[in-house]
J.: 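To start, I am sharing the structure in question, which I have written as structure tokens.
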Amino acid sequence: MKNSVIWICLFMSTFLFAQEKFSVSGTIKDKKNGETLLGATVYLKGTSNGAVTNEYGFFSLTAPKGTYTLVVSFIGYETISKEINLTVDQTVNFEVKEASTSLDTVVIEAEESERVSIRKPQMSVAKLNAATIKQMPVVLGEVDVIKSIQMLPGVTNSGEGTAGFNVRGGAADQNLVLLDEAIIYNTSHFFGFFSVFNADAIKDIKLYKGDIPAKYGGRISSVLDVRQKDGNSKNLEVNGGVGLISSRLAVEGPMFNKKGSFLVAGRTSYAHLFMPLIKEIKDDKISFYDLNLKANYEINKNNKVYLSGYFGRDIFDISQFIKNRYGNTSANLRWNHVFNEKLFSNLSLIYSKYDYQIVLDFIKLDWVADISNFNLKYDLRYYANDKLKLDFGVSGISYDFNPGEVKPTDPSSSINFRKLDQKRAFEAAAYMSAEHELTDKLTAQYGLRFSTFSRLGGQTLSNYANNLPVVYNNEIGIYEEGEEIGTTDYKKSKSIKTFANVEPRLGLSYQLNDNSSLKASYTRSVQYVHLLSNTVSVTPVDVWAPSGRYIKPQKSNQFAAGYYRNFNDKKYSLEFETYYKNVDNRIDYIDGSNLIGTNNIETEILNGEARAYGLEVLFRKNKGKFKGWIAYTLSKSEQRALGGNAGGPGINKGNWYNTPYDRTHDLSITGSYDLNDKWKFSANFVYQTGRPVTYPNGQYQYEGISIASFDERNANRLPAYHRLDLSATFTPTKNKNRRWQSEWVFGLYNAYARKNAASISFSQDFDSGVNEARRLSIFGSFIPSITYNFKF
Amino acid sequence: MKKYIKLSAILAVFIMFVACDDKIDVDVPEAAPRLVIEASLDWEKGTVGNNQTIKLSTSTPYFQTTLNTSVIGASVKVTNNNSNVEYNFTDQNNGDYTINNFVPVIGDSYTLEVIHDGETYTATENLMPVSPIINVEQSLEGGFDDEVLDVTIFFDDPAGIDNYYMFSNKEDSDLFAELETQSDEFSDGNEQNEFFEKDKDDEDPEAEYNPGDTVNIKMYGISQRYYNYVTLLVEQYDAGGDPFAATPAEIKGNCINITNESNYAFGYFRVTEFDQVDYTFQ
């Protein structure tokens with residue numbers, strides 16, 4: 001409480017100095033299609049007074065009475081300026097025009113490099129727009145958001161064909177992935193080959209690797225904020241593409257007499273249509289599809305409503321025996337309200353769900369698991385004055401966990417009906433944060449997030465002897481299930497366990513000169529839900545579990561510092577960042593843990609901890625015919641789990657061991673070259689230290705077979721991973737003045753056909769009985785692709 | 001357009017099968033050898049179960065192919081803890097220790113004691129019963145693949161108690177048996193079936209089960225602890241490090257070195273009842 005008094009005093013102090021000042025606010029849109037622009041810079045010429053537009057294109061500036069030139073600039077767009085007479089509070093909306101030659105389109109706008117943003121305290125953030133993402137060479141021409149962010153420093157994943165991504169040595173479930181504010185629980189199609197985000201429906205993405213603003217919470221590693229396009233509010237527009245794997249179609253246009261607009265986008269793979277033609281796989285069915293929807297309506301100049309939705313599905317049937325269905329569903333209803341020139345608000349009601357179904361015909365089993373949540377949140381931004389901006393808000397998330405339901409598919413099945421315990425929880429949070437210009441050179445962003453999590457009743461929990469769900473068997477030296485000594489039945493109205501945490505966030509920026517600055521930040525964050533996964537890569541079958549009596553919330557502290565510099569009139573930029581983070585209560589799994597279909601998950605886990613540190617360098621060329629960046633990361637990520645109350649030394653003898661996402665070196669180079677109006681070329685190169693793995697250290701004969709013995713977890717490494725991808729885009733010249741615009745994209749993935757090891761397996765040859773090591777390469781060769789995109 | 005469809009179909013399929021798997025040389029760490037105790041006292045239904053063998057060997061580096069690892073000169077003894085009868089096993093000087101007057105009793109507890117190189121290893125286990133195999137059937141449709149033969153065994157799971165099973169199946173021509181485990185967690189008290197099928201191999205028509213092939217199937221009643229042990233063992237054996245498998249770990253059995261705790265032995269002391277059937281495909 002004392003703390004909050006100090007905070008309030010701090011805020012008040014800035015109000016007291018306010019003299020006669022006025023505000024100008026408004027929205028910035030793209031002239032061509034009416035899309036609001038996030039991250040456009042608005043400033044008063046000749047002053048250091050500026051602002052960056054928010055997610056809804058809104059800005060507000062406050063300055064002493066006077067006449068100013070207001071300048072609006074956004075990379076890739078023509079800069080416009082307008083005289084304003086600041087004698088009253090006023091609203092001015094702008095529409096900016098895309099720069100005439102496509103040569104100026106940005107590759108990346110990590111931080112808009114205007115003077116106003118080099119001193120913005122926000123660090124560890126990267127923003128990519130859809131155009132950039134679409135330009136990168138990808139597997140089979142399938143544009144992929146998740147793959148493109150892996151070209152940034154500090155972002156990796158477990159290899160081809162594995163889902164999710166890892167940020168700064170964190171696990172995949174520690175990323176908060178939002179699609180129009182809705183939580184996306186599984187980011188991939190096809191077991192990780194493609195991402196669920198259809199690039200035709202996406203405006204831009206923002207990835208926070210650290211220094212996470214107080215308005216985000218619930219995950220400790222990163223926030224990936226994906227925003228869908230609003231839809232063209234000027235003309236009807238159709239975008240589409242035909243690729244090897246999928247085809248896409250997006251329709252957008254104005255509605256309600258141009259007071260609103262809509263976007264409907266669909267994507268579907270179609271390999272399954274041809275599968276019946278091939279004998280070996282005629283009974284298989286493998287496909288996925290996505291449906292994106294967005295609509296908005298401007299009630300009046302101060303009120304706007306948005307509706308967005310997503311539905312995606314994967315179908316993976318193997319010869320009638322195994323049927324898989326899984327996917328995300330989300331919907332969001334939003335209301336933007338501008339109270340006045342200084343106060344902007346947004347109210348959202350969000351629903352999201354992930355469900356997974358598998359039918360195993362040969363044992364007549366039907367398995368369903370899901371997680372869903374409703375989220376109500378209210379966010380406000382107060383542009384107090386030219387030195388201070390405040391963000392504050394509240395949110396409540398109601399979760400339902402259904403970890404699994406088993407049904408027999410017909411009466412002859414030997415399977416009994418069984419439902420694992422449904423779990424419910426409620427997560428509430430309130431936050432306040434300030435972006436505060438302390439001196440001409442020093443700007444701070446400081447905030448507090450207060451979060452609570454209640455595991456709700458309506459279920460029965462097991463009790464264990466000595467309150468130990470896992471015990472160490474001293475004789476044999478292994479962890480085993482604790483002895484169950486009865487159960488406790490919790491009423492629906494009761495809360496099983498409640499947690500409350502204060503999460504301070506602090507960022508500082510010191511501007512050295514017009515072109516360079518130093519930044520530092522501290523983020524404390526708490527995560528209450530956990531993805532149970534004891535495999536190297538996340539699989540669609542993994543289930544989420546809430547914190548409660550036996551599982552504690554994960555808590556992380558991250559410290560980061562960086563140096564930022566622009567060269568040659570912002571043609572080049574350089575960023576150095578270094579970070580250290582630790583995580584308490586990271587779940588670790590005992591040897592031989594079994595997670596699927598286990599009701600009492602607490603008997604399979606120990607409470608561990610994790611730590612990661614690293615150095616990231618990003619050098620970019622932002623302008624010209626040749627654009628691109630070099631990203632290099634040197635890092636370490638480790639974890640350990642001591643025995644604690646369960647006794648014994650812990651997992652891996654209680655020693656720190658490499659997490660599966662530890663990569664000592666990670667180098668990514670991406671570049672694009674605009675040869676002329678017809679041809680554009682791009683290339684990616686990636687080099688990474690191999691993934692940590694556990695190799696056998698011996699063998700012995702048991703039951704007539706050769707059994708491998710193992711020692712330290714993850715003490716060995718796969719061979720280094722490296723790969724080159726190329727792509728070329730051809731735009732026919734006859735396009736120029738007609739409505740139908742088209743382009744051909746030719747790609748070559750893994751150009752020099754490197755056989756990167758996705759895994760190395762150790763096994764006994766069935767015929768000779770001899771042990772051997774086998775390398776599995778997901779792409780054993782180069783992969784050509786061709787895609788045709790159109791627009792009218 | 002037609003050409004394009006054809007091309008994409010070919011490529012889509014190409015993708016699904018583009019993943020390639022090849023044999024490579026890998027340097028692996030080498031641990032010091034450890035004693036391996038394969039003490040499986042298995043009592044076949046309908047027999048007296050007097051003849052039993054316990055095997056002692058040592059572990060070797062992973063890729064070593066000369067496997068002369070027999071341990072001789074050890075002392076091996078099993079005690080029935082209910083009747084206090086002791087069974088001393090005879091060293092056959094080839095790693096096998098045998099006995100011909102063992103008396104198995106369902107539910108009794110047995111303790112193994114092995115003395116080797118001055119260190120004593122012990123383990124205790126109960127003799128677990130098993131239901132009989134009541135039927136064996138062959139079919140095409142039963143397994144994963146409709147085009148190859150499979151064989152299914154049927155048995156009744158006793159209701160109300162947790163049961164754990166191990167199955168081993170070995171065709172005459174196989175070098176070694178394939179192991180599987182099963183618990184009645186999702187199917188308590190029902191009639192159970194377990195099918196066995198071999199994958200088709202385009203290069204080797206003998207790979208799958210063919211008419212005339214004879215397969216031996218054994219079904220063991222095992223303890224929960226042995227189930228945990230052998231399930232993990234089979235899982236790690238089959239997975240061998242694929243990214244969808246759990247990180248492999250040392251598998252610890254129930255043989256404790258009471259002289260020097262850290263020098264524990266690999267292997268397991270199990271006491272089971274089993275039923276078996278030899279089936280010749282029609």
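Note that the structure is a prediction, hence the values are computed from the model and not measured.
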J.: Output the option from A/Glu712, A/Arg713, A/Lys755 having the highest count of non-hydrogen pairs under 4.5 Å with chain B.
T.: A/Lys755
J.: Hey, does the side chain of A/Asp765 reach the backbone of A/Ser768 with a donor-acceptor pair shorter than 3.5 angstrom?
T.: yes
J.: What part of B/Ile258 gets closer than 4.5 Å to chain A, counting heavy atoms only: side chain, backbone, both or neither?
T.: neither
J.: Relative to chain A, which segment of B/Thr231 carries a heavy atom at a distance below 4.5 Å: side chain, backbone, both, or neither?
T.: neither
J.: When you look at NZ of B/Lys55, are more than 12 heavy atoms from neighbouring residues, nucleotides or ligands closer to it than 6.0 Å?
T.: no
J.: Hey, can you tell me if A/Tyr695 and A/Phe762 have their rings parallel, tilted or perpendicular (30° and 60° cut-offs)?
T.: perpendicular
J.: Which answer fits A/Asn474, side chain, backbone, both or neither, if we ask what part of it has an atom under 4.5 Å from a heavy atom of chain B?
T.: backbone
J.: Out of curiosity, A/Asn697 CG to A/Thr694 OG1, how far, rounded to the nearest 0.5 Å?
T.: 10.5 Å
J.: At a 4.5 Å cut-off on heavy atoms, which part of A/Glu480 comes close to chain B: side chain, backbone, both, or neither?
T.: side chain
J.: What part of A/Asn652 gets closer than 4.5 Å to chain B, counting heavy atoms only: side chain, backbone, both or neither?
T.: neither
J.: Heavy-atom distance under 4.5 Å to chain B: side chain of A/Arg418, backbone, both or neither?
T.: side chain
J.: Is A/Asn716 in contact with chain B via its backbone, its side chain, both, or neither, using a 4.5 Å heavy-atom distance?
T.: side chain
J.: When you check the side-chain N and O atoms of B/Ser59 and A/Gln699, is any donor under 3.5 Å from an acceptor?
T.: no
J.: Is A/Ser593 close to chain B through its backbone or its side chain, or both, or neither, when contacts mean heavy atoms under 4.5 Å?
T.: neither
J.: Is it the case that A/Ser706 and A/Gln764 place a side-chain donor and acceptor less than 3.5 Å from each other?
T.: no
J.: With a 4.5 angstrom heavy-atom cut-off, is it the side chain or the backbone of A/Asn599 that approaches chain B, or both, or neither?
T.: neither
J.: Excluding sequence neighbours, so at least two apart, what forms side chain to side chain donor-acceptor pair (under 3.5 Å) with B/Glu125?
T.: B/Ser223
J.: Does any heavy atom of chain B fall under 4.5 Å from the side chain of A/Phe766, the backbone, both, or neither of them?
T.: both
